[in-house]
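Counting starts at 1 for both ligands and their atoms, in listed order. Owing to the predicted nature of the structure, the values given are computational and were not obtained by experimental measurement.
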Amino acid sequence: MKRIAIFPGSFDPFTKGHQDIVLRGLTLFDEIIVAIGYNSAKSQRYFPIEFMVEKIGETFKNEPRITVQTFSELTAEFAKRNGARYLLRGLRNTTDFEYENSIAQVNRQLNPELESVFLITSPAFAAISSSIIREVHRYNGDVSSLIPYKI
Ligand code: ADP
């Protein structure tokens with residue numbers, strides 16, 4: 001049976017930190033679905049969702065084991081529908097841990113077959129966050145070293 005993982009997030013935008021988690025995840029899983037969620041708490045996106053689908057697709061165009069999709073349902077449901085038994089997430093610090101811990105507990109209740117797997121950030125990408133990139137980009141700063149594609 002294929003080991004399929006979903007890597008869900010807002011990806012507003014997708015960063016080199018996210019790319020690192022996906023590429024390292026490829027050593028653990030046969031397929032990874034990068035799943036861009038319409039997060040109700042963050043409904044006002046900075047980068048349009050279609051734009052991000054295109055850019056993530058471009059980033060992994062030479063890796064058929066990585067695909068990208070959007071979803072607007074419970075992550076646990078999306079995983080089930082796509083035959084994914086693993087939920088991949090990245091951890092940068094204790095703040096991420098507190099947040100991820102509670103989400104993982106809820107996801108386990110919603111879909112007991114879905115196992116959450118966490119990868120610790122690589123030091124080189126630990127300081128990268130989507131919110132910092134949005135802030136720099138908003139004021140016309142250069143974000144090219146923080147994202148794996150051209151914008
Ligand atoms: P969400 O809005 O669901 O938190 P994000 O797009 O912000 O989604 O992040 C998706 C996942 O990637 C989360 O697990 C987050 O902790 C992780 N992540 C974000 N930035 C980094 C980074 N620089 N290194 C490793 N993991 C990261």
Open item on the list: Is there a polar contact between ligand 1 and S130, counting only N or O atoms under 3.5 Å apart?
Closed with: no
Open item on the list: I'd like to know if R24 pairs up with D20 as an ion pair, taking the criterion as any Lys NZ or Arg NE/NH1/NH2 lying under 4.0 Å from an Asp or Glu carboxylate oxygen.
Closed with: yes
Open item on the list: Just to be sure I read this right, does ligand 1 sit under 4.0 Å from the backbone of D12, its side chain, both, or neither, counting only heavy atoms?
Closed with: neither
- [ ] Report yes if some N/O of H18 lies less than 3.5 Å from some N/O of ligand 1; otherwise report no.
- [x] yes
TODO: Could you say whether the N/O atoms of S10 and ligand 1 ever approach to under 3.5 Å?
DONE: yes
Open item on the list: Taking distance alone, with N or O pairs closer than 3.5 Å, would you say I128 contacts ligand 1?
Closed with: yes
- [ ] Check the pair T15, F125 against side chain to side chain contact (heavy atoms under 4.5 Å, CB included), reporting the backbone distance first and the verdict last.
- [x] CA-CA 9 Å; T15 72; F125 306 115; over 6 Å; no
Open item on the list: Minimum heavy-atom separation for I32 and L26, please, with both atom names.
Closed with: CD1-N, 3.6 Å
TODO: Ignoring hydrogens, just give me the one of R89, R92, Q19 whose non-hydrogen atom is nearest atom 13 (C) of ligand 1.
DONE: R89
Task: Min N/O separation G90 to ligand 1 under 3.5 Å - done: yes
Task: ligand 1 to E100 polar contact by distance, N or O atoms, under 3.5 Å - done: yes
- [ ] Using a 4.0 Å heavy-atom threshold (strictly under), name the region of K16 that reaches ligand 1: side chain, backbone, both or neither.
- [x] neither
- [ ] List every atom of ligand 1 that sits less than 4.0 Å from any heavy atom of F125, numbering the atoms from 1 in the order shown and giving each element.
- [x] 22 (C), 23 (N)
Task: R108 CZ: over 12 foreign heavy atoms closer than 6.0 Å - done: no
- [ ] Please determine, by modelled atom types, if R92 and S129 share a side-chain donor-acceptor pair under 3.5 angstrom.
- [x] no
Open item on the list: Could you check whether any heavy atom of F7 sits closer than 4.0 Å to an atom of ligand 1, since that is the contact criterion I want to use?
Closed with: yes
- [ ] Determine, using heavy atoms of T15 and all atoms of ligand 1, whether some pair is separated by less than 4.0 Å.
- [x] no
Task: Linked, directly or transitively: I151 and V68 (ILVMFWY side chains, under 4.5 Å) - done: yes
Task: Result of checking Y149, F11, F47 against K55 for side chain to side chain contact (heavy atoms under 4.5 Å, CB included) - done: Y149
- [ ] Classify the angle between the aromatic ring planes of F7 and F14 as parallel (below 30°), tilted (30 to 60°) or perpendicular (above 60°).
- [x] perpendicular
Task: Contact (N/O only, under 3.5 Å) between F11 and ligand 1 - done: yes
Task: Check ion pair K61-E58 (N to O, under 4.0 angstrom) - done: no
